[in-house]
Amino acid sequence: MYKLDELPANHFINTLINEDLLSGKVDSKIHTRFPPEPNGYLHIGHAKAIIIDFGTAQEYNGLCNLRMDDTNPSKEDVEYVDAIQEDIHWLGFDWGDRFYYASDYFEQMYAFAVTLIQKGLAYVCQLTAEELKDMRGDLSRPAQSPYRDRPIAENLDLFARMRAGEFESGAMTLRAKIDLASPNFNMRDPAIYRINHATHHRSGDKWCIYPMYDFAHPLEDAIEHITHSLCSLEFEDHRPLYDWVMDNCDVPFKSRQIEFARLNITHTVMSKRKLRRLVEENYVNGWDDPRMPTLAGMRRRGYPAEAIRNFCAAIGVGKANSTVEFAQLESAVREHLNLHAERAMAILDPLKIVITNYPEGQTELMTAENNPAIENGGERQISFSREVYIEKNDFMEEPVKGFRRLIPGGEVRLKYAYVIQCDEIVKDANGEIIELHCSYDPMTRSGNDTSGKKIKGTIQWLDAATATRAEVRLYDHLFSKENPDDTAEGEDFTDFINPDSLFIPETAYVEPALNCAETGTPYQFMRTGYFVKDKDSTKTLPVFNRIVGLKDSWGKKQQQ
RNA sequence: UGGGGUGUAGCCAAGCGGUAAGGCAACGGACUUUGACUCCGUCAUUCGUAGGUUCGAACCCUACCACCCCAGCCA
């Protein structure tokens, strides 16, 4: 039925799935699932998992379910359920009508647990958490439980009463009877049900006992006929238990668990605990703050979903712990923006230029390309008059070697307009430069330059008469520390937050034609970078996106 | 100290007994009305280390080393 050379072969997961297909071990459609716990927002690390889960299904013409793994009511909330769905859709994936909740299987899971008890494979253990800790053994000593040989009938009775709410939270657990001496601690009679009198975000107070991940997850997969359950490396040790549940509960289907390495990125934290702290301790303004590595944050920052997908494809899938450089993500974003983002001019730190030989009151319309990187990228008209703003650092009174922009007595091209020459520097009493007096060369009009001049530098500008004052924000990666995930639990982040991660220039101007209120299109600022409207904020002004800005080899040279 | 994993360039990563893909970064150069983009070129005689098997080893065997994960009634 299958031919090896027709099957996907991008990485080891394909190899394993192909084996199952070729051997006939799996004779149904490939079926995967993405099973987030609704206890936080999805981040770029989840994007990798989503792409592996949904992507693998797509590669094999199969299906991928979305399942809320909501088996711990004290950590979960509906707010996250909604956000997770929105983010997956934004990323470009769809689960059709296969949206499930683990909590919908609670009744079935309970029945499986009862069966296990009847088979003598599970027992109610009344050890308290502290007692359990004392009796769990260690590397060389097996664990112990005085309740291990409780009669089946008594276990059945106790488990029913656990469900009925007769006991307090934590009073007892249902444990799988496997092997107290196993070198794999996960097999030392793991708890599979605990008592927790908490209100579940969905099932309310219907249940006061909840299945543990190790028991619930294989059952969820089996119930949904998941052929391949893809998860991260830390669950490798749990696979024997996963298989034990599959083998000892009378499941309708047997799934196979395959583990891959989760994503780490430099200058970024990926742990939900730490992301939550960033939000709750107000280091950022919410889960969707553009500085956050959450999908919601990246969306607001102007990262295209396709760029994130391309990034994940580029980094591959393996089993080695690795940390991808932030630059690799930026590269994927730049690559996409270069082809899709329309260009615009903006001035973040204005310096006024008076073109003394340009007639007062005159205005010309100049033609500017919207996207020179693509054919038929469109054009727009921008006004030009006697007074314009340029970027302050596009002028150097005492130029360093190699500087190609405006210098006293020198010439520079105003992009899409004329070549100007700096004739005079006007300063205030403190010696601060107020404005520059320049003259333009009428023969150098963009599009029909008859001057024959070869000008090295080209800079951006804005007509002072029409430029729109804008609030602009520049973003960079959140942490100055390369591997902030190494930060000790509870440690203060303050010293590690990159002071440049958010910068708001005092006076910034943009082209008036930019309809920032209505467009979600990323714009690219001339030479200085990209910006995108911050769609979800109440402000209608653009966000400047320094981090995926143009590479600046001049700036780099300056630093050296 | 028990168990489970992983080691290929600065960072990812192919490779699965026939003589080290690709991407990111970096560095040269060409082009340029964005110091961007684009284009061309350079970048592992060697695959954690040491032995062994073989005509031939990153791939097989042995030993060692390093790093990651596991003793929640979290997922």
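In what follows, every chain begins at residue 1, and chains take the letters A, B, ... in the order their sequences are listed. Just so it is clear, the values below take in all heavy atoms, side chains as well, and ignore hydrogens, waters and symmetry mates.
Residue A:Phe235 is in base contact, counting any heavy-atom pair closer than 4.0 Å across all strands shown. A:Ser553 comes within 4.0 angstrom of sugar-phosphate atoms only, judged by non-hydrogen atoms across all strands, and of no base. Within the nucleic acid shown, A:Asn72 comes within 4.0 Å of sugar-phosphate atoms alone, with no base atom in reach, counting heavy atoms only. If you check every strand for non-hydrogen atoms under 4.0 Å, A:Asp237 touches a base. A:Ser74 comes within 4.0 angstrom of nothing in the nucleic acid, heavy atoms only. Among the protein residues, A:Gly457 comes within range of no part of the nucleic acid, since none of its heavy atoms lies under 4.0 Å from any strand. Residue contacts shown for A:Tyr416 include a base, since a base heavy atom lies under 4.0 Å away. Using a 4.0 Å heavy-atom criterion, one finds that A:Phe215 contacts no nucleic acid atom at all. Among the atoms of the strands shown, none is found under 4.0 Å from any heavy atom of A:Ile459. Among the heavy atoms of the strands lying under 4.0 Å from A:Met212 are primed sugar atoms or P, OP1, OP2 only; no base atom is included. Nucleic acid contact class of A:Arg188 (heavy atoms, under 4.0 Å, all strands): none. Residue-level contact check: A:Val419 touches neither bases nor backbone, having no heavy atom under 4.0 Å from any strand. Looking at heavy-atom distances under 4.0 Å, A:Thr323 makes contact with sugar-phosphate atoms alone, never a base.
As rounded to the nearest Å, B:C27 and B:A36 have P atoms that lie 12 Å from one another.
Minimum atom distance to the side chain of A:Lys319 is reached by B:G5, of the listed B:A25, B:G5, B:C12. In the set B:A14, B:C74, B:G5, the nucleotide with an atom closest to the side chain of A:Glu236 is B:G5. Out of B:C73, B:A71, B:G3, the shortest distance to the side chain of A:Thr173 is found at B:C73. Taking the side chain of A:Arg239 as heavy atoms from C-beta on, and the options B:G5, B:U34, B:A36, the nearest nucleotide is B:G5.
Using a cutoff of 4.0 Å between basic side-chain nitrogens and carboxylate oxygens, A:Glu37 and A:Lys272 are not scored as salt-bridged. Checked for salt-bridge contact, A:Asp394 and A:Arg404 miss the test: no charged N lies under 4.0 Å from a carboxylate O. Between A:Glu369 and A:Arg343 there is no salt bridge, since no side-chain N of the basic residue sits under 4.0 Å from a carboxylate O of the acidic one. Between A:Lys453 and A:Asp441 there is a salt bridge, since at least one side-chain N of the basic residue sits less than 4.0 Å from a carboxylate O of the acidic one.
A cation-pi arrangement is found for A:Arg202 relative to A:Tyr101, the charged atom lying closer than 6.0 Å to the ring centre and inside a 45° cone about the ring normal. Cation-pi contact between A:Arg136 and A:Phe185: absent, since separation from the ring centre below 6.0 Å together with deviation from the ring axis within 45° is not met.
OP1 or OP2 of B:C74 sits under 4.0 Å from a side-chain N or O of A:Arg194.
Relative ring orientation between A:Tyr509 and A:Tyr389 is described as parallel, the plane-to-plane angle staying below 30° on a 0-90° scale split at 30° and 60°. Ring geometry for A:Tyr41 versus A:Trp287: interplanar angle under 30°, hence parallel rather than tilted (30 to 60°). Taking the six-membered ring where tryptophan is involved, the planes of A:His238 and A:Phe235 are perpendicular, since the angle between them exceeds 60° and thus also 30°.
Shown here are the ring-ring contact (aromatic ring centres under 6.0 Å, His included) partners of A:Tyr418, two or more places apart in sequence or in another chain: A:Phe384, A:Tyr440.
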Please list, pair by pair, any protein nitrogen or oxygen found under 3.5 Å from a nitrogen or oxygen in nucleotides 20-23 of chain B.
residue	atom	partner	partner atom	Å
B:G23	N2	A:Gln328	OE1	2.8

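Two residues, A:Ala9 and A:Gln126, neighbour RNA chain B, and the one matched to the more 5' nucleotide by heavy-atom proximity is A:Ala9. Summary of the strand contacts: A:Asn448 and A:Glu37 both lie near RNA chain B, and taking for each the nucleotide with the nearest heavy atom, the more 5' one is attributed to A:Asn448.
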(request) Both distances under 3.5 Å, Watson-Crick or G-U wobble: on that basis, could you give the dot-bracket string for RNA chain B, with [ ] for crossing pairs and | for other-strand partners? (result) .(((((((.[[[..)..(...]]].(((((.......))))).....[[[[[..)....]]]]])))))).....
(request) Might you work through the salt bridge (Lys or Arg N to Asp or Glu O under 4.0 Å) test for A:Asp179 and A:Arg188, ending with a clear yes or no? (result) CA-CA 5 Å; A:Asp179 179 6; A:Arg188 314 248 267 218; over 6 Å; no
